[in-house]
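Here the structure comes first, spelled out in structure tokens, and everything after it is commentary.
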Amino acid sequence: MAETTNFIEQIINEELEAGKFESRGNKIVTRFPPEPNGYLHIGHCKSLCINFGVKEKYNGECNLRMDDTNPAKETMEYVQSIIDSLDWLGFHYDRILYASDYYDKMYEIAEKLILSGDAYVCDLSAEEITATRGTLTEPGTESPYRNRTVEENLQLFRDMKAGKYADGAKVLRAKIDMASPNINMRDPILYRIARATHYRTGDKWCIYPMYDFAHPVSDAIEGITHSICTLEFEDHRPLYNWVVEHSGFPEPLPRQIEFARLNLTNTVMSKRYLKKLVDEGKVHGWDDPRMPTLAGLKNRGVPPEALKDFCNKIGVSKANSECQYSYLEACIRDYLNANAERAMAVLDPLKLTITNYEGEEELDFEINQFKPELGTRKVKFGKTLYIERSDFSLDPPPKYYRLKVGGVVRLKSAYIVRCDGYRTDEGGNVTEVLCSYIPESRSGNDTSGVKAKGVIHWVNAADAQDVTVKQYECLLCDAAYPGQDFSERMNCDSEHILQGKAEPYLAEQMDKSFQLMRTGYYKTCTDEDGFCLSEIVSLKDNFNK
Ligand code: ATP
Ligand code: MG
């Protein structure tokens, strides 16, 4: 057992001690219940960590349940994307289940509620129902259809199912309390008529259960012990309990527990908004590397371990808050710093010629200083190299330790060079830096006695690969404008494309994360133009610059 216990686990511990689940062999069962109406996002990862964390801690079960009772927006593509994301994160569910498989059972329960006098068919329109529901300070008014006989209700409900009424003409409502202080308890709707083709049940049904009915019933059918959800459902809990208590399920009944959802600065975390970004072409798709979707993060090269680490570190709480995006980035950086191989690429190449060097040699390059067991690999070195344009200055400020005329610098894992001059084009732009190297200064065997304060990265021109470099910013300008619609906060310039030069080693290793020395963490990949390096996260936190 892990040493930390969150408030959910405290509840479970108390119930176990009180013997609540003895009749079930003390098996704790949770579920992750996404609606397949979009791709999962980071917020879902938090929910996954909690639900699968409980499974692991209590040696219990966790099911993946598609909460697919809203035919209009659900698709097989979304189902598959959800399955793929759980696989990617390494969450192994015990069963994959579909709420839509319970339509018959739900219908049966609805008839039982009618028979027990706990539900009635109401002819009020949606607007009328809203208008008669009352307010936080005033009770609602009872529907004129509230006192229909059981027989009449049963017949009308069967006729609803048989398609005798138009969409919206009638609903089935729970008969609870129109004066309840909790508005959710004022005769909520259990079933509505909707002629919509469901992606799994097709046109079999023209009535569909409402979320507040379908969800608790699904939990109870599956024997869920703890139905963990986000805080906005707290006010629905009395209704959740009412449904499971009135539906004839055996004890112990599932218990709803709410936690605070994850909110992150500089991004949107709602499938509805994310879908809008995709539909309006603001991003390249659900898996665009800038998207906070799990597919986007995977495509970005974010290690699943880093994402789970982030979700576990922010913890489980009952108070809503907003988490800094930079904290997620810090978790990604920590993981990659410890685990990613090092390599060199130049994003804005400037030619450097070593006038006193001839031929070619292979130098040893350390793969990851935190993983000495990985050792070194060979990197070619020659007369002509590329360095970063920003590593050479004609007008250096004080304490400039990179290249300047007359100055020395160490080329990473290679030699110390001295800058003797440079060439320009007609426009005065520097096109080439001319250097001489100090043969005794080779890294690992430096007997030159020359001190170079700066180290810069480089690539060997003879075997350098042209590479398209993609850099990203956050999709949203930060929350300086709270409450504004996300479309007004869109960062319209969140993708930058550069043409660089990379070590050939990088081009041989597709879909792998690297630390590019002094530059950042990048993933190797290809697009229609060939070899690319796609930014995962910058090397340092430059988020607020
Ligand atoms: P969205 O508003 O993005 O559509 P949702 O709540 O409608 O999200 P569901 O598919 O219903 O998405 O969510 C599946 C599970 O994930 C639910 O239990 C939900 O409470 C949880 N969840 C969704 N968003 C977050 C979040 N930001 N933080 C934590 N848990 C979340
Ligand atoms: Mg939802």
Side-chain angles (χ1 to χ4, degrees), residues 6-8 29-55 62-70 72-75 77-83 85-86 89 91 93 96-100 199 210-212 214-216 218-219 222 224 226-237 240 254-279 286 291-297 307-308 310-325 327-328 475 486:
N6 62 44
F7 80 93
I8 296 174
V29 188
T30 56
R31 84 289 171 264
F32 174 68
E35 181 180 358
N37 61 349
Y39 282 56
L40 299 181
H41 51 62
I42 312 177
H44 292 113
C45 185
K46 179 168 178 182
S47 173
L48 282 161
C49 284
I50 296 171
N51 281 295
F52 281 87
V54 167
K55 165 187 154 102
C62 183
N63 300 327
L64 169 60
R65 182 205 310 147
M66 299 299 163
D67 218 342
D68 55 355
T69 55
N70 182 8
K73 296 174 180 163
E74 297 160 356
T75 69
E77 179 202 342
Y78 295 143
V79 167
Q80 192 55 51
S81 75
I82 292 166
I83 293 172
S85 289
L86 266 69
L89 287 170
F91 287 119
Y93 41 87
I96 178 164
L97 301 162
Y98 296 82
S100 54
Y199 78 104
M210 302 299 286
Y211 178 88
D212 278 333
H215 199 86
S218 302
D219 284 343
E222 293 171 6
I224 300 300
H226 298 88
S227 177
I228 301 168
C229 65
T230 39
L231 272 184
E232 65 272 23
F233 292 103
E234 197 168 16
D235 290 345
H236 296 240
R237 194 188 332 135
Y240 181 99
R255 171 172 179 176
Q256 175 177 310
I257 303 176
E258 309 87 13
F259 71 96
R261 67 193 292 119
L262 168 64
N263 297 306
L264 264 186
T265 59
N266 299 84
T267 191
V268 261
M269 208 102 84
S270 145
K271 282 181 279 186
R272 189 162 58 94
Y273 283 139
L274 294 173
K275 184 169 184 329
K276 209 168 150 195
L277 293 178
V278 174
D279 291 346
W286 282 100
M291 290 281 270
T293 52
L294 299 179
L297 291 159
L307 201 56
K308 290 194 274 188
F310 166 73
C311 288
N312 290 327
K313 277 186 176 147
I314 55 177
V316 185
S317 117
K318 266 217 157 272
N320 274 320
S321 64
E322 193 174 50
C323 191
Q324 294 292 317
Y325 198 84
Y327 188 57
L328 169 62
L475 274 178
F486 82 92

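FYI, the numbering just counts along the sequence from 1. Both ligands and their constituent atoms are indexed starting at 1 by order of listing.
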Indicate yes or no: at least one non-hydrogen side-chain atom of [X] is less than 4.5 angstrom from one of [Y].
{"X": "K271", "Y": "H44", "answer": "yes"}
{"X": "M66", "Y": "Y78", "answer": "no"}
{"X": "L64", "Y": "L97", "answer": "no"}

For ligand 1, is there an N or O atom under 3.5 Å from any N or O atom of [X]?
{"X": "G43", "result": "yes"}
{"X": "F233", "result": "no"}
{"X": "H41", "result": "yes"}
{"X": "N37", "result": "no"}
{"X": "E35", "result": "yes"}

Check each atom of ligand 1 against the heavy atoms of [X] and keep those under 4.0 Å away; list them by number with element.
{"X": "S270", "value": "3 (O)"}
{"X": "F32", "value": "15 (C), 16 (O)"}
{"X": "P33", "value": "14 (C), 18 (O)"}
{"X": "P34", "value": "10 (O), 14 (C)"}

Quick one: does R272 get a heavy atom under 4.0 Å from ligand 1?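 So R272 does not count as touching ligand 1.
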Could you work out, for atom 10 (O) of ligand 1, the closest of M269, K73, K275, K271 by heavy-atom distance?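 That would be K271.
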Taking atom 23 (C) of ligand 1 as the point of reference, which of R65, E258, H44, H215 owns the nearest heavy atom?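 The option holding the nearest heavy atom is H44.
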Do the charged groups of R31 and E222 touch, with an N to O distance under 4.0 Å?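 Looking at E222 together with R31, the answer is no, because their closest N to O distance does not fall below 4.0 Å.
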Of L328, L274, L264, the residue whose pairing with P292 passes side-chain contact (heavy atoms from CB on, under 4.5 Å):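 Of all the options given, the one that passes is L274.
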For I50, run the side-chain contact (heavy atoms from CB on, under 4.5 Å) check against T30, I257, N312, I228 and tell me which one passes.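 The option that passes is I228.
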Do side-chain atoms of S227 reach the backbone of Q256 as a donor and acceptor pair under 3.5 angstrom?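 A pair under 3.5 Å: no.
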Quick one: sort the F310 and Y327 rings into parallel, tilted or perpendicular, breaks at 30° and 60°.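 It falls in the tilted class, 30° to 60°.
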